[in-house]
Amino acid sequence: MNEIYPSEESRQALTVFHLYEGSGEWFDLSKKPIERASFTIGSKQEEKQGYEITQKCNGCRTCQTVCPQDCIDFSIVPAVIRQGNCLHCGNCFHVCPQKAVIRRG
């Protein structure tokens with residue numbers, strides 16, 4: 001490449017894009033439960049996404065019956081969704097009789 005693009009200025013043609021600011025996430029579907037992590041670039045603040053269980057939860061466990069990742073922790077009330085393992089499918093949101101599950105982001 002040095003022969004084709006001998007100067008620093010000419011090597012600018014090799015630069016496809018620059019990332020200055022942004023956010024995203026990755027997840028590994030080959031594991032059960034999945035593994036999920038978020039990242040930010042630059043000064044971008046991480047935006048909370050997915051679902052959260054509020055104080056309205058009475059521990060009925062209806063949401064647990066539809067969670068494909070079994071990532072709802074009932075060791076405390078209100079229960080807690082382990083975000084690092086959540087698919088963000090919304091099944092819990094749709095079945096909660098107390099409307100204790102809310103969508104974030």
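Fair warning: this is a prediction, and the values are worked out from it, not measured in the lab.
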**Request:** Identify the heavy atoms of C63 and V95 that sit nearest to each other, and give their distance.
**Result:** CA-CG2, 4.0 Å
**Request:** Write down the atom of A79, the atom of I53, and the distance for their closest heavy-atom approach.
**Result:**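 In terms of heavy atoms, the two residues are closest at O-CB, 3.3 Å.
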**Request:** Go through the structure and list residues passing side-chain contact (heavy atoms from CB on, under 4.5 Å) with T15, not counting sequence neighbours.
**Result:** Q12, H18
**Asked** For S23, which residues count as a side-chain hydrogen bond (donor to acceptor under 3.5 Å, both in side chains) partner, sequence neighbours excluded?
**Response** none
**Prompt:** Roughly how far apart are L87 CG and K32 NZ, rounded to 0.5 Å?
**Reply:** 8.5 Å
**Request:** Output the distance between atom NE2 (H94) and atom OG1 (T62), rounded to the nearest 0.5 Å.
**Result:**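 Here the interatomic distance stands at 15.0 Å.
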**Message:** Side-chain heavy atoms nearer than 4.5 Å, only ILVMFWY residues, links allowed to pass through others: does that put I81 and F74 together?
**Reply:** yes
**Message:** Between I76 and I72, is there shared hydrophobic-cluster membership here, with clusters defined by ILVMFWY side-chain heavy atoms closer than 4.5 Å?
**Reply:** no
**Prompt:** How are the rings of F93 and Y51 set to each other: parallel, tilted or perpendicular (split at 30° and 60°)?
**Reply:**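 Aromatic pair F93/Y51 classed tilted.
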**Asked** Is K31 close to I34 at the side-chain level, that is, under 4.5 Å between some pair of heavy atoms?
**Response** no
**Item:** Salt bridge flag under 4.0 Å for residues E52 and R104
**Value:**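 Answer for the salt bridge query: yes.
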**Message:** Can you confirm whether more than 12 heavy atoms, excluding those of E21, are under 6.0 Å from its CD atom?
**Reply:**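 Atom CD in E21 is packed in, count exceeds 12.
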